2 protein chains.
Amino acid sequence: MSQTRESSSDQTGGTRDRILITATRLFAEHGYDHTSLAQVGREAHVSKALVLWHFDSKAKLFRAALGRTLEPFYIDVDDLKELDEPTQIERLIDLFYEFVRENVYSVRFMLSLIARGDKQPGEVIGRISDLYGVFRQLLRDVIDRGRHSGRFRPDVRPPLDAALIVAALDGILIEHFLGNQFPHDPSELIAYLKRTAIDRLIA
Amino acid sequence: MSQTRESSSDQTGGTRDRILITATRLFAEHGYDHTSLAQVGREAHVSKALVLWHFDSKAKLFRAALGRTLEPFYIDVDDLKELDEPTQIERLIDLFYEFVRENVYSVRFMLSLIARGDKQPGEVIGRISDLYGVFRQLLRDVIDRGRHSGRFRPDVRPPLDAALIVAALDGILIEHFLGNQFPHDPSELIAYLKRTAIDRLIA
DNA sequence: GTCTATATACAGATAGAC
DNA sequence: GTCTATCTGTATATAGAC
């Protein structure tokens, strides 16, 4: 069990937080397997015993780190309501990519979790999957509204179009990680995705 | 140095090949870190010492296994020449997904390598990146020919359209790995991708 | 070529002093 | 809360008999 902390948001003062921040970075940079408790301790300037005293086990430390990682992925839906549907689509695409750009390490981390459909932290995949589900549903709703308002073509298939846009975003992300020696920077591809997606949807 | 074998193609007779086949499967299923030499030896019915005798080190065993893994990704270009451009696009998309379906474990493996932009087997990323480069170039050439032949719209951007199709394919692959509780099986999305891509390209 | 036995290193985790 | 010292398991790799 060990101790509980009521601090929902992290004050960066304490040793525990320093450990957590260090661990988050290391997990993101090197993955679960290649991050040792000794390394976390060393870079947080504590002993590895103290790391375990605070977090009980490596697995729990990992889950705590993941909490910090997933937290900032929050989409302000109300912010969208004012815009017309095509602009909402563009905005959602931008939000996705902003999140990726600002959380490169964490996203890389998530990707590595997805890649090996591993055993132990299976709940993690679920949370990421949920995140994607929410985002895809948001897109789908926008497309659906656009179809009913007549701004989009009547033969669009909201679930499929939404899924395809999300897939393209994911793919752009991968190519980015592949060290893209391919001649386009991601933002150019993103712009092109927006253009083609909306061209296709619009009436 | 140890010994060399002149067998370019693997005869499945020898112990060495049995080890290599077993290792390939295990690396693909569980990744590099979670595959021990003991496990390879056990499942190949030899001692782990023999595994090392044949392959010198785990790293070299891994490289040998990767060779086997990447080998089947070969696209018969001549096969395409007879078809018109839209059909060539569809064929290339199908080829990509066929490869994925028939090499799920290997693809998962590659994805995990991409995810952590790791240090040691850095040459591996390069090979995967090359593979993608070839595929993207193939798509790009087809689109380019379609534009010049007038079958495709004059304002298509071959490099960008090709990159976007590849990205979408990658993304579909990821969603598939995410355990897609989303209501579409990949083949439906693939079909939709083909339809929308060609709709966009065609004059 | 193939084995058993062993060397060596390092991981996660615990005990207990302070 | 934080440390040092240690336990225990398992990994890669080597030595040497057959």
Side-chain angles (χ1 to χ4, degrees), chain A residues 1-7 10-27 29-66 112 116 118-121 124, chain B residues 1-7 10-27 29-66 112 116 118-121 124:
Chain A
M1 282 294 132
S2 92
Q3 86 293 7
T4 322
R5 288 296 189 88
E6 69 273 41
S7 67
D10 40 15
Q11 301 294 86
T12 42
T15 302
R16 186 182 184 279
D17 290 321
R18 198 172 67 249
I19 294 171
L20 186 52
I21 289 168
T22 305
T24 305
R25 177 174 55 80
L26 289 175
F27 280 138
E29 282 177 10
H30 307 123
Y32 184 83
D33 296 316
H34 291 96
T35 302
S36 73
L37 296 177
Q39 190 183 8
V40 172
R42 198 182 320 123
E43 302 204 15
H45 305 106
V46 297
S47 68
K48 63 177 177 178
L50 188 60
V51 176
L52 280 170
W53 186 88
H54 277 292
F55 294 95
D56 284 349
S57 71
K58 188 182 180 181
K60 287 186 185 172
L61 173 61
F62 172 78
R63 286 192 197 91
L66 191 80
S112 76
R116 78 179 94 96
D118 243 8
K119 53 231 158 244
Q120 291 124 341
V124 172
Chain B
M1 283 294 133
S2 91
Q3 85 295 7
T4 323
R5 289 297 189 88
E6 71 272 40
S7 65
D10 40 16
Q11 300 295 85
T12 42
T15 301
R16 186 181 184 280
D17 290 321
R18 198 171 67 249
I19 294 172
L20 185 53
I21 290 168
T22 304
T24 305
R25 177 174 55 80
L26 289 176
F27 280 138
E29 281 176 12
H30 307 123
Y32 184 84
D33 296 317
H34 291 96
T35 302
S36 73
L37 296 177
Q39 191 182 7
V40 172
R42 199 183 319 122
E43 302 204 17
H45 306 104
V46 295
S47 69
K48 60 179 176 176
L50 188 60
V51 176
L52 281 170
W53 186 86
H54 277 293
F55 294 95
D56 284 350
S57 73
K58 187 182 182 182
K60 286 186 185 171
L61 173 61
F62 171 79
R63 286 193 197 92
L66 190 81
S112 76
R116 79 178 94 95
D118 240 9
K119 52 231 159 245
Q120 290 123 342
V124 172

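A, B, ... follow the sequence lines: proteins, then strands. Residue 1 opens every chain. Being a predicted model, the structure only gives us computed values, none of them experimental.
In this structure, of D/dG1, C/dA13, C/dC3, it is C/dA13 that holds the atom nearest to the side chain of A/Lys48. When the nucleotides C/dT6, C/dC3, C/dA13 are ranked by their closest atom to the side chain of A/Leu52, C/dA13 comes out on top. When distances run from any side-chain atom of A/Ser36 to the nucleotides D/dA15, C/dT2, C/dG12, the shortest one goes to C/dG12. The side chain of A/Val46 sits closest to D/dC3 out of D/dA13, C/dT14, D/dC3.
Of the side-chain N and O atoms in A/His54, one or more sit less than 4.0 angstrom from OP1 or OP2 of D/dT2. Contact check, B/Thr15 against C/dT2: a side-chain N or O comes under 4.0 Å of OP1 or OP2.
Protein atom NZ of B/Lys60 is 10 Å distant from nucleotide atom P of D/dA13, rounded to whole Å. Distance CG (A/Asp33) to C1' (D/dT12): 16 Å, rounded to an integer number of Å. Per the geometry, CG belonging to A/Leu37 stands 9 Å off C1' belonging to C/dA13, to the nearest Å. Across the protein-nucleic acid pair, A/Lys58 atom NZ and C/dA11 atom C1' stand 8 Å apart, rounded to whole Å. Nucleotide C/dG1 holds its P atom 13 Å from the CZ atom of B/Arg18, rounded to whole Å. C/dC3 atom P lies 8 Å from atom CD1 of B/Ile19, rounded to whole Å. If you measure from atom NE2 of B/His45 to atom C1' of C/dG1, you get 18 Å, rounded to the nearest angstrom. In this structure, CD of B/Gln39 is placed 19 Å from P of D/dG9, rounded to the nearest angstrom.
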_Could you go through A/Arg18 and A/Val46, starting from their C-alpha distance and side-chain angles, then the distance that decides it, and tell me whether this counts as side-chain contact (heavy atoms from CB on, under 4.5 Å)?_
CA-CA 10 Å; A/Arg18 198 172 67 249; A/Val46 297; 3.7 Å; yes
_Set out, in order, the CA-CA distance, both residues' side-chain angles and the distance that settles side-chain contact (heavy atoms from CB on, under 4.5 Å) for B/Leu66 and B/Phe27, then state yes or no._
CA-CA 9 Å; B/Leu66 190 81; B/Phe27 280 138; over 6 Å; no
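B/Phe55 places a side-chain heavy atom less than 4.5 Å from the side chain of B/Arg16.
Between A/Lys48 atom NZ and A/Ile19 atom CD1 the span is 14.0 Å, to the nearest 0.5 Å.
Within 4.0 Å (heavy atoms only), B/Leu50 reaches at least one base atom of the nucleic acid.
Side chain of B/Lys58 to backbone of B/Tyr32: a donor-acceptor contact under 3.5 angstrom is found.
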